[in-house]
Amino acid sequence: MPELAEAEFYRKRWHQSALPSPKILRVHTHDTKRLFRTAPASALRAALTDSTFTSSSSAAKQILFRFTARDSTKLWLGIHLGMTGELTVAPPTHTPGKHDHLVLFTAAHALVFADPRMFGRIQFHVGSEPPAWWTNIAPALLSREFSASTVAAFLQRRARAPIKAVLLMQERFPGIGNWMADEILWRAALHPARAAGSLTPAEVRTLWRECRTVARLALTTIAGCGEKLPPDLNVHIPDTWLFNHRWQKGGRCPKTKKPLARAEIGGRTTCWSPARQKLRPKSA
DNA sequence: AGACATGTTGCTCA
DNA sequence: ATGAGCAACATGTC
């Protein structure tokens, strides 16, 4: 389920387990074609073995783990979880399963990247400077650079596409995925099929604000505050969000209590509240 | 059995 | 050249 906040959740999970015992003793890889399409698995195994975990970050849907090799070379491991990727922690005796495509063994743990559908991606870089695949990620939703005017300009450029499709474009809305996009549009009271260019300046500003609010709420709710992690995903989402109702049969809008609608918009299944999100902008 | 899945990419057409 | 739409990727679940 990896969008922005889930990526951060999984990053913390690996980070907390790796930190006390940071030496990588052994590296296991499984699929070496699809997931490692930009990073040869053999080179990655050779470089990471006997390296030391140092730090980690997440940005958008991507997770970065930094290591230092024995000769003090810096190593950058990038993981994109795709649709079904997960980072878990197992005992050091863990026997990798069918979908465990990358496993890092320390003295205390096995750090497991599992991805049944293999839509994820593993990237790897050696060198003192951060790689382009990390630095090229668009400015975060919660950064200053993600401004209302930047959003407005982007919506103009994508004027004829449905706003739902535009919110999924990582080049401007890094980390937003299907559920976040629906949550944002629902809070902003904007119909997902509205053409991006049809939004009034006030609507654009509301959309911008709700992008930031949902990003902030998702991060604190799902990835937890500080270093305290919720035990599982999905447990702490309040019923006041659209999230808990969007896939339910006969689901109702938590604000209007009216039935939710579902249709394919922008190539993805979309859920919205017709009583709240109108196709035509309200006439003034 | 068949529909569907919280993502990206590469192709076609306008 | 740029943007919009869609099939493809690979596998599991309801």
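Below, all heavy atoms of this structure are taken into account, side chains as well, without hydrogens, waters or symmetry copies.
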When you measure from the side chain of [X], which nucleotide among [options] comes out closest?
{"X": "K61(A)", "options": "dT8(B), dA5(B), dT6(B)", "answer": "dT8(B)"}
{"X": "M118(A)", "options": "dG7(B), dC4(B), dA10(C)", "answer": "dA10(C)"}
{"X": "H80(A)", "options": "dT8(B), dA5(B), dT6(B)", "answer": "dT8(B)"}
{"X": "R158(A)", "options": "dT8(B), dA10(C), dA4(C)", "answer": "dA4(C)"}

Applying side-chain hydrogen bond (donor to acceptor under 3.5 Å, both in side chains) as the test, list every pair that has at least one member in residues 38-47 of chain A; sequence neighbours left out.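 Non-adjacent pairs meeting side-chain hydrogen bond (donor to acceptor under 3.5 Å, both in side chains): T29(A)-R45(A), T38(A)-Q123(A).
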Can you run down the side-chain hydrogen bond (donor to acceptor under 3.5 Å, both in side chains) pairs that involve residues 204-217 of chain A, sequence neighbours left out, and say none if there aren't any?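 side-chain hydrogen bond (donor to acceptor under 3.5 Å, both in side chains) check on residues 204-217 of chain A returns R187(A)-E210(A).
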Expressed in whole Å, how much space separates the [atom1] atoms belonging to [N] and [M]?
{"N": "dC11(B)", "M": "dA10(C)", "atom1": "P", "answer": "16 Å"}
{"N": "dT6(B)", "M": "dA4(C)", "atom1": "C1'", "answer": "23 Å"}
{"N": "dC6(C)", "M": "dC4(B)", "atom1": "P", "answer": "15 Å"}

Under 3.5 Å, is there a donor-acceptor pair between the E8(A) and S58(A) side chains? yes
W14(A): partners by ring pair (Phe, Tyr, Trp, His ring centres under 6.0 Å), with sequence neighbours left out: F65(A)
Counterpart residues, ring pair (Phe, Tyr, Trp, His ring centres under 6.0 Å), relative to W272(A) (two or more places apart):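 Partners of W272(A) under the ring pair (Phe, Tyr, Trp, His ring centres under 6.0 Å) test: H191(A).
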Under the 5.5 Å and 30° test, is F119(A) stacked on the base of dC9(C)? yes
Send over the distance from F243(A) CZ to dT6(B) P, rounded to a whole Å. 11 Å
Whole-Å distance between dA4(C) C1' and L168(A) CG? 14 Å
Salt bridge or not between R246(A) and E183(A)? Use side-chain N to carboxylate O under 4.0 Å.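 Here R246(A) does not pair with E183(A) in a salt bridge, since their nearest N and O are not under 4.0 Å apart.
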What protein N or O atoms touch nucleotides 12-14 of chain C N or O atoms at under 3.5 angstrom, if any, and at what distances?
from, atom 1, to, atom 2, distance (Å)
dG12(C), OP1, K98(A), NZ, 3.1
dG12(C), OP1, H99(A), NE2, 2.7

Do other residues, nucleotides or ligands put more than 12 heavy atoms under 6.0 Å from K255(A) NZ? yes
Under the rule for side chain to side chain contact (heavy atoms under 4.5 Å, CB included), what residues qualify as partners of S143(A), not counting sequence neighbours? P139(A), A140(A), E145(A), F146(A)
Can you list the residues that meet the side chain to side chain contact (heavy atoms under 4.5 Å, CB included) rule with A47(A), with sequence neighbours excluded? L75(A), F124(A)
Scan for salt bridge (charged side-chain N to carboxylate O under 4.0 Å, His left out) pairs involving residues 53-73 of chain A, sequence neighbours excluded, and state none if there are none. D50(A)-R70(A)
Output row for DNA chain C, stems defined as at least 3 consecutive Watson-Crick or G-U pairs under 3.5 Å, is B:2-5 with C:11-14, B:7-14 with C:2-9
Which pairs pass ring-ring contact (aromatic ring centres under 6.0 Å, His included) with one or both residues in residues 27-59 of chain A, sequence neighbours excluded? H15(A)-F53(A), H30(A)-H101(A), F53(A)-F67(A)
Where do N or O atoms of nucleotides 5-7 of chain C meet protein N or O atoms at under 3.5 Å, pair by pair?
none

I want to check something: taking the side chain as every heavy atom from C-beta on, are D115(A) and L81(A) in contact at a cut-off of under 4.5 Å? no
What does A181(A) touch in the nucleic acid at a heavy-atom separation under 4.0 angstrom: a base, only the sugar-phosphate, or nothing?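 Contact class for A181(A): none.
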Show me the protein contacts with nucleotides 9-14 of chain B, counting only N or O atoms at under 3.5 Å.
from, atom 1, to, atom 2, distance (Å)
dT9(B), OP1, R121(A), NH1, 2.6

